[in-house]
Number of protein chains: 4
Amino acid sequence: MPKQKVSEQFILIESMKLFRRKSYHNTSMADIAAACGLLKGSIYHYFPSKEALMKEVIEHMHDFFNKEVFCYAYDSKLNPQERMEAMFKASKKIYLSDEGGDVLGNIGVETAIVIPEFADQIQKFFLDWLKALENVYLQITQPYEAKLLAEQTVTEIEGAVMLTRIFKNPKYLIEANKRIKDRFASFMIAEAERLNR
Amino acid sequence: MPKQKVSEQFILIESMKLFRRKSYHNTSMADIAAACGLLKGSIYHYFPSKEALMKEVIEHMHDFFNKEVFCYAYDSKLNPQERMEAMFKASKKIYLSDEGGDVLGNIGVETAIVIPEFADQIQKFFLDWLKALENVYLQITQPYEAKLLAEQTVTEIEGAVMLTRIFKNPKYLIEANKRIKDRFASFMIAEAERLNR
Amino acid sequence: MPKQKVSEQFILIESMKLFRRKSYHNTSMADIAAACGLLKGSIYHYFPSKEALMKEVIEHMHDFFNKEVFCYAYDSKLNPQERMEAMFKASKKIYLSDEGGDVLGNIGVETAIVIPEFADQIQKFFLDWLKALENVYLQITQPYEAKLLAEQTVTEIEGAVMLTRIFKNPKYLIEANKRIKDRFASFMIAEAERLNR
Amino acid sequence: MPKQKVSEQFILIESMKLFRRKSYHNTSMADIAAACGLLKGSIYHYFPSKEALMKEVIEHMHDFFNKEVFCYAYDSKLNPQERMEAMFKASKKIYLSDEGGDVLGNIGVETAIVIPEFADQIQKFFLDWLKALENVYLQITQPYEAKLLAEQTVTEIEGAVMLTRIFKNPKYLIEANKRIKDRFASFMIAEAERLNR
DNA sequence: GATGAATGAGACTTCATTCAT
DNA sequence: GATGAATGAAGTCTCATTCAT
C-alpha cells in the first residue's frame with residue numbers, strides 16, 4: 001500500500017499559493033499536483049473537484065484569519081490600539097508574503113464572478129473582517145461611525161492590495177496602513193479628550 | 001456593401017460588458033459573438049484574436065477615460081472643486097452602469113496576471129488616472145501631499161469598486177465618493193485660510 | 001456596373017504560382033484573391049470552388065505543355081535531336097521559373113492525394129508527357145526501349161525537381177538535363193552506326 | 001499503472017502511415033487518434049502538438065534508414081556490390097509497403113514547404129542518403145563521379161517513387177532499381193578492368 | 001462584377017475528471 | 001493511495017463558401 005505523500009493541508013497551502021499568483025483559471029489541476037509533487041489524478045483523492053478545492057482554500061483562509069487575525073479584535077486583554085496593532089502585524093505577513101499576492105481580495109473578486117457559490121463564502125469572509133474592525137472602532141467612537149470606519153478600512157486595504165499588485169510595488173499597501181493607523185490615532189485622541197472633559 | 005450586422009465599436013462594447021461581468025476567462029468568443037448576434041467565427045473579421053480584442057477593450061476604456069473623465073483635471077475654465085465634481089460625475093455613469101461592473105480595476109487585476117502585455121496597458125491607465133488627480137490636488141496643496149492624495153483616492157475608489165462588487169451593493173462606492181469629496185473640501189478650506197493669512 | 005478587374009486567365013496564373021510555391025493546402029482563397037488584387041468573394045465569380053480552380057490550373061498547365069512543349073515531339077520539320085532540344089528549351093522556362101517550383105510533379109503528388117479526382121488529371125498529364133518522349137525516342141531506337149527511355153526521362157526530371165526543391169538548389173535539375181541529353185546523344189550515335197552498317 | 005492502450009511507437013507508426021497516405025494537411029489529429037483507437041485529445045499525452053508529432057515521424061524514419069539501410073554503405077564486411085544489394089533490399093520493404101507510400105520523398109516536399117523547420121530535417125535525411133551512396137560509389141570510381149552517381153541514384157529513386165504513386169503502379173520503382181543496379185555493375189566491370197591493366 | 005460580412009464546419013489544443021492497475 | 005492514460009467537453013481559431021448590397 002502506497003504511503004501518503006502529502007497532507008490535505010499541504011495541498012491546500014500549495015494551491016492557495018498558485019491561485020493567488022496565477023488566478024483560479026490559470027491554475028490547472030496538473031499545476032497544483034506538480035506543486036505538491038503529485039500527479040494530476042492524485043489530487044482527487046483529497047478533493048473531489050477543483051471547485052471544491054477552491055472552496056476549501058477560501059474557507060481555510062477565512063479560518064486562518066478568524067483565528068490569527070480577527071481574534072485580536074475581541075481580545076479583552078488588549079486596549080483598542082493594541083488590538084489594531086496586533087491585527088495589522090498578523091495580517092501583514094500574509095499580504096506581503098508570496099510575491100505580494102493578496103488574500104481574498106483579488107482572488108475574491110475573480111472567484112466571486114466565476115462561480116456564484118464562491119460569492120457567498122467571499123462575502124462571509126469580508127463580513128467577519130468588517131465586524132472585527134467595527135468592534136475595535138466601537139471602543140473609540142460611536143456605532144454608526146465605527147461601521148463607516150470599518151468599511152473605509154477594508155476599502156483602503158483592498159484597493160491598496162490591488163494597486164500593489166498592478167504596479168508590483170508594495171508602497172500602496174504601506175501607505176494605506178499608515179493612513180489607517182494615523183486615522184485611528186486621531187480618533188483615539190479625540191476619544192481621550194472626550195473622556196477627559 | 002454586404003449587410004453589416006455589427007460595428008467594431010459594438011463588439012468592443014459588448015465584449016467589455018461581458019469581460020466586466022464574467023471576467024476574461026469566463027467569457028468565450030462564442031459568448032461575445034452571441035451577445036453581438038453573430039456566430040463564433042465572425043468576431044474574427046473584426047479582431048484577430050481574443051487577446052487583441054481584450055487589448056482594444058482596455059485601450060478603448062483608457063481612451064474613454066482620457067477624453068471623458070481625466071480631461072476635466074486639466075480644464076482651466078474650472079476651479080479645483082469643479083474639476084473634481086466633473087470627474088466624479090463623468091465616471092459615475094461608468095462605475096455604476098452595467099451591473100456595477102468596474103472599469104479597469106477588477107478586470108485589470110485578473111487580466112494583468114494572465115497576460116503580461118496586458119499589465120503594461122493597465123498600468124498606463126492607472127498612471128494617467130493618478131496624474132490627473134495629482135494635477136487637481138496640486139491646485140490646493142503641496143506636491144508631495146498631492147501625490148499621496150491622488151494615490152489614496154485611486155486606492156479608495158478601487159477598493160470600493162471591489163466591495164461594491166462582492167456585496168452587490170453600491171454603498172461602498174457612494175461612501176468612498178463622499179469621503180473623497182469631504183477630504184477635498186477640507187483641503188480647500190485649509191488652502192483658503194492659508195491664502196487669507 | 002463595375003468593370004472586370006481581372007481575367008480568368010490571370011487568376012489561373014496567379015493561383016498556379018501560389019499553389020506551386022505554397023502548396024494547395026497552404027494557399028487560401030484569400031491569398032489567391034489578394035494576389036489578383038481582389039477580395040475573397042470575387043474569385044467565386046470566376047470559379048465555383050477552390051477545387052474547381054485547382055482542376056483548371058492543372059488543365060491549364062496540361063494544355064500549355066501540350067501546345068508549347070509536347071508538340072515538338074511530333075514536329076516533322078525537326079529531326080529527333082532538334083525535337084528533344086526544343087522540348088527542353090520550352091520546358092526549362094517553366095521548371096526554373098518562379099522560385100524553382102515545378103509544374104505538375106510535386107503539386108501533382110500532393111494534389112493527387114488530396115482529392116481523388118485530381119489524380120486522373122495528373123495521370124493524363126504524365127501520360128501525354130510519356131507519349132511525347134516515347135515518340136521521340138522511337139525515332140532512334142526500338143519500341144520497347146523507347147518506352148523505357150521515356151519513363152526514365154520523366155523519372156529523372158521529376159526526381160530532380162524534388163531535390164531541387166528540397167535543397168533549394170537547381171543543380172539537380174541541371175545535372176538531370178545533362179544526363180538525359182548525353183544519353184540521347186549516345187543513342188543517336190548508336191542508331192547512326194546501325195544505319196551506316 | 002493504468003490501462004495503456006497504445007505506445008508512443010505505435011502512434012508514431014500509425015501517424016506515419018496516415019501522413020504518407022493522405023499528406024500532412026489532410027490528416028487530422030482525430031484521424032490519427034482514430035487509427036490508434038483513441039480520441040482526439042489522447043494523442044496529446046504522447047506528443048505535444050501535431051507539428052512535434054510530424055517531426056518525430058520524420059526523425060523516426062531518418063533513424064530507421066540510418067540503422068537499417070544506410071548502415072550497409074559502411075559495412076566493411078561487404079564488397080561494394082553487396083553493400084548496394086543490402087541497401088536495396090532493406091529499403092524495398094519500406095518503399096513498397098503500405099500502399100506504395102514513399103518515405104521522405106513526397107512527404108518531404110509537401111512538408112518542407114509547410115513548416116520551415118521541417119525543411120532542415122528533410123534535408124538532413126537526404127544528405128545522409130547521398131553520403132551513404134557516395135561512400136559506396138567511391139569504392140568503384142573517382143570522387144567526383146561518385147558524388148554525381150549518388151545524386152543520380154537518389155534522383156531516380158525519388159522520381160520513381162513519385163510516378164509509382166501517381167500511377168499506383170510499382171513498375172517505375174522496379175525499373176529504376178534495375179537501371180541503378182545495371183549502372184553499378186557496369187562501373188564495377190570498368191573498375192575491374194582498370195585494376196587488371 | 002465586386003464586395004466583405006457572415007456563416008459553419010472542422011481543425012488544433014487544453015483540461016477537469018475518471019478509472020483500471 | 002498513487003498513477004497517468006484516456007476521456008470528452010469546450011475553447012480558440014481558420015477558411016471555403018454564401019449572399020445582400
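Sequence lines set the chain letters: A, B, ... in the order given, protein chains first and strands last, and positions in each chain run from 1.
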(request) Would you name the heavy atoms of Ser15(B) and Val57(B) that are closest together and state the gap between them? (result) OG-CG2, 3.6 Å
(message) So, using salt bridge (charged side-chain N to carboxylate O under 4.0 Å, His left out) as the criterion, who are the partners of Glu51(A) when residues are at least two apart?
(response) Lys55(A)
(request) To the nearest Å, give me how far apart CZ (Phe10(B)) and P (dA6(E)) are. (result) 11 Å
(request) Return the minimal non-hydrogen interatomic distance between Thr27(D) and Lys22(D), and the atom names on each side. (result) OG1-CB, 3.6 Å
(message) Does Phe47(D) reach a base, just sugar-phosphate, or nothing at all? Heavy atoms under 4.0 Å.
(response) nothing
(request) Measure the distance from OH on Tyr46(D) to C1' on dT7(F) and round it to the nearest whole Å. (result) 12 Å
(message) Assuming nearest nucleotide by heavy-atom distance, tell me which of Gly37(C) and Leu38(B) is located more 5' along DNA chain E.
(response) Gly37(C)
(request) On the 0 to 90° scale, with breaks at 30° and 60°, tag the Phe118(B)-Tyr24(B) ring pair as parallel, tilted or perpendicular. (result) perpendicular
(request) Heavy atoms under 4.0 Å is the rule here; annotate nucleotides 9-16 of chain E 5' to 3' with B where the base is hit, S where only the sugar-phosphate is, and - elsewhere. (result) -BSBBB-B
(message) Between Ile11(C) and Phe47(C), is the side-chain contact (heavy atoms from CB on, under 4.5 Å) condition met? List the steps.
(response) CA-CA 9 Å; Ile11(C) 295 175; Phe47(C) 301 94; 3.6 Å; yes
(request) Rounded off to whole Å, could you give me the CD1-to-P distance for the Ile43(B) and dG11(F) pair? (result) 14 Å
(request) Test the Lys50(D)-Tyr44(D) pair against the cation-pi criterion, namely NZ or CZ under 6.0 angstrom from the six-membered ring centroid and within 45° of the ring axis. (result) no
(request) Could you pull out the closest heavy-atom pair between Asp31(B) and Asn26(B), with the gap in Å? (result) OD2-O, 3.5 Å
(request) Check the distance between dG11(F)'s P and Leu39(B)'s CG and give it to me in whole angstrom. (result) 15 Å
(request) Anything below 3.5 Å on both distances counts as a pair; with that, list the stems of at least three consecutive Watson-Crick or G-U pairs involving DNA chain F. (result) E:2-21 with F:2-21
(message) Looking at every non-hydrogen atom in both residues, tell me the closest pair between Ser49(B) and Met29(B) and how far apart they are.
(response) C-CE, 4.2 Å
